[in-house]
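Working notes, structure below.
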Amino acid sequence: MARILVTGGMGYIGSHTVVELLNSGYDVVIVDNLSNSRVEVLQGIGQITGKHPDFENVDCTDYNEMSNIFAKYSDIQAIIHFAASKAVGESVEKPVMYYRNNIDSLLTLLELMKVHKVENIVFSSSCTVYGQPDILPVDESAPIKPALSPYGNTKQINEEIIRDAAYADKNIHAVLLRYFNPIGAHPSALIGELPNGIPNNLLPYVTQTAAGLRQKLRIFGDDYNTPDGSCIRDYIYVVDLAKAHVIAVQRMLERKAETNVEVFNLGTGRGLSVLEIVETFKKVTGVDVPYEIVARREGDIEQVWADPRKANAVLGWKAQATVEETLLSAWRWQEHLAQQA
Ligand code: UDP
């Protein structure tokens with residue numbers, strides 16, 4: 001079976017994708033510098049799958065180290081590139097670091113792909129490229145809006161770099177996966193999201209508040225032009241998201257695509273408000289989540305949800321989990337973390 005290089009494979013979406021790749025019979029080498037993940041994730045992956053992927057503690061922006069990886073694993077057939085800094089607020093404070101990390105790593109991979117004749121890459125992109133879409137649900141043909149943060153800009157720039165590289169070299173095959181809001185954890189509760197410090201994202205903040213680690217969830221605004229006034233997102237179960245990567249890789253290896261760059265929205269097609277998420281979480285777990293409404297967060301999009309029909313039709317992929325199951329999995333993971341502490 002083919003070997004897949006997974007950069008950032010120790011991270012949240014990366015680790016769930018490694019599990020699905022291993023379960024589908026792929027060989028995996030993870031490259032991750034553990035800048036936002038822990039080495040224990042490997043144990044979780046091992047316990048779930050009974051398999052032990054190769055792991056290299058290397059920074060993807062380091063050309064020489066990455067060159068050694070490509071030489072050592074000469075059977076790499078495709079890359080899934082997750083490794084990136086992803087905190088929107090931090091990117092505003094440290095833009096140069098974000099551009100260096102997120103763009104250099106991709107450039108390094110593209111250079112080494114050429115040298116080592118690796119032709120396939122899946123790139124982790126984001127619905128952030130659409131900004132506030134004019135039409136909802138948003139499909140892949142929607143215009144790209146000016147980025148609201150350096151983080152968002154790196155996603156746009158990297159999509160363009162890949163398009164240019166694949167235009168110049170038709171041997172390169174790329175799939176750009178635009179994620180909506182990934183949440184939840186593996187049903188085993190052995191891997192999940194590990195936010196560093198105070199969480200930026202909604203779900204880890206909700207679960208930490210429910211666990212008593214945070215006093216109150218702050219809901220950023222209830223005066224938006226939405227039914228209950230809070231923002232609307234398309235929350236997608238991380239395991240469903242991970243499975244889409246396996247299908248995308250398979251499709252590339254089988255050369256099924258009509259063009260050498262394809263782009264897919266990965267979402268459920270359903271928008272939920274912040275308040276709906278909190279109420280549903282309380283209902284399925286039976287645990288209270290104290291919250292207060294505070295001012296809007298700068299840079300937040302009012303509402304966005306996916307039109308996932310292209311991924312449904314072309315990839316034969318569809319989000320399966322209900323939001324109830326997904327929220328429960330996030331809570332199980334939080335409970336698992338509490339037991340470890
Ligand atoms: N949000 C919130 N309180 C928090 C974190 C997030 O009310 O502590 C809201 C945020 O304003 C947005 C939604 O939850 O409407 C999802 O935010 P997140 O940061 O998880 O993802 P984003 O869509 O911004 O990338």
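One-based numbering, in listed order, for ligands and for the atoms of each. Computation of the quantities below employed the complete heavy-atom set of this structure, encompassing side-chain atoms and omitting hydrogens, waters and symmetry-equivalent molecules.
A heavy-atom distance below 4.5 Å is found between the side chains of I76 and Y73.
Of all protein heavy atoms, the one lying nearest to atom 9 (C) of ligand 1 is V274 CG2, 3.8 Å. Nearest protein neighbour of atom 12 (C) of ligand 1, counting heavy atoms only, is R233 NH2, 3.7 Å. Of the protein's non-hydrogen atoms, the one nearest atom 25 (O) of ligand 1 is N181 ND2, 4.0 Å. Residue, atom and distance of the protein heavy atom nearest to atom 7 (O) of ligand 1 are F220 N, 3.0 Å. Protein heavy atom nearest atom 11 (O) of ligand 1, with residue, atom name and distance: D300 OD2, 2.5 Å. The protein atom (non-hydrogen) at minimum distance from atom 15 (O) of ligand 1 is C231 CB, 3.0 Å. Regarding atom 16 (C) of ligand 1, its nearest protein heavy-atom neighbour is Y235 OH, 3.6 Å.
Near I219, meaning under 4.0 Å from one of its heavy atoms, ligand 1 places the atoms 7 (O).
By the 4.0 Å N-to-carboxylate-O rule, D300 lies close enough to R297 to be salt-bridged with it. Here D288 pairs with K282 in a salt bridge; the nearest charged N to carboxylate O distance falls below 4.0 Å.
Shortest non-hydrogen contact noted between D59 and M66 is O-CG, 3.9 Å.
Centroid-to-centroid, the aromatic rings of H245 and Y179 come within less than 6.0 Å.
Between the side chain of E325 and the main chain of T322, a donor-acceptor pair closer than 3.5 Å is present.
Of all the heavy atoms of T128, none lies under 4.0 Å from any atom of ligand 1, so neither backbone nor side chain is involved. Only the backbone of N200 comes within 4.0 Å of ligand 1, judged by heavy-atom distances. Neither the backbone nor the side chain of Y179 has any atom closer than 4.0 Å to an atom of ligand 1 (non-hydrogen atoms only). When heavy-atom distances to ligand 1 are checked against a 4.0 Å cut-off, N201 comes that close through both its backbone and its side chain. At a 4.0 Å heavy-atom cut-off, ligand 1 touches L202 through backbone and side chain alike.
Judged by a 6.0 Å distance limit and a 45° cone about the ring axis, K86 is not positioned over the six-membered ring of F82. For the pair K216 and Y291, the cation-pi criterion (under 6.0 Å, within 45° of the ring axis) is not fulfilled.
Distance check, rounded to the nearest 0.5 Å: CG of D222 to SG of C231 gives 10.5 Å.
Here the shortest heavy-atom distance to atom 24 (O) of ligand 1, taken over R218, R297, K86, belongs to R297.
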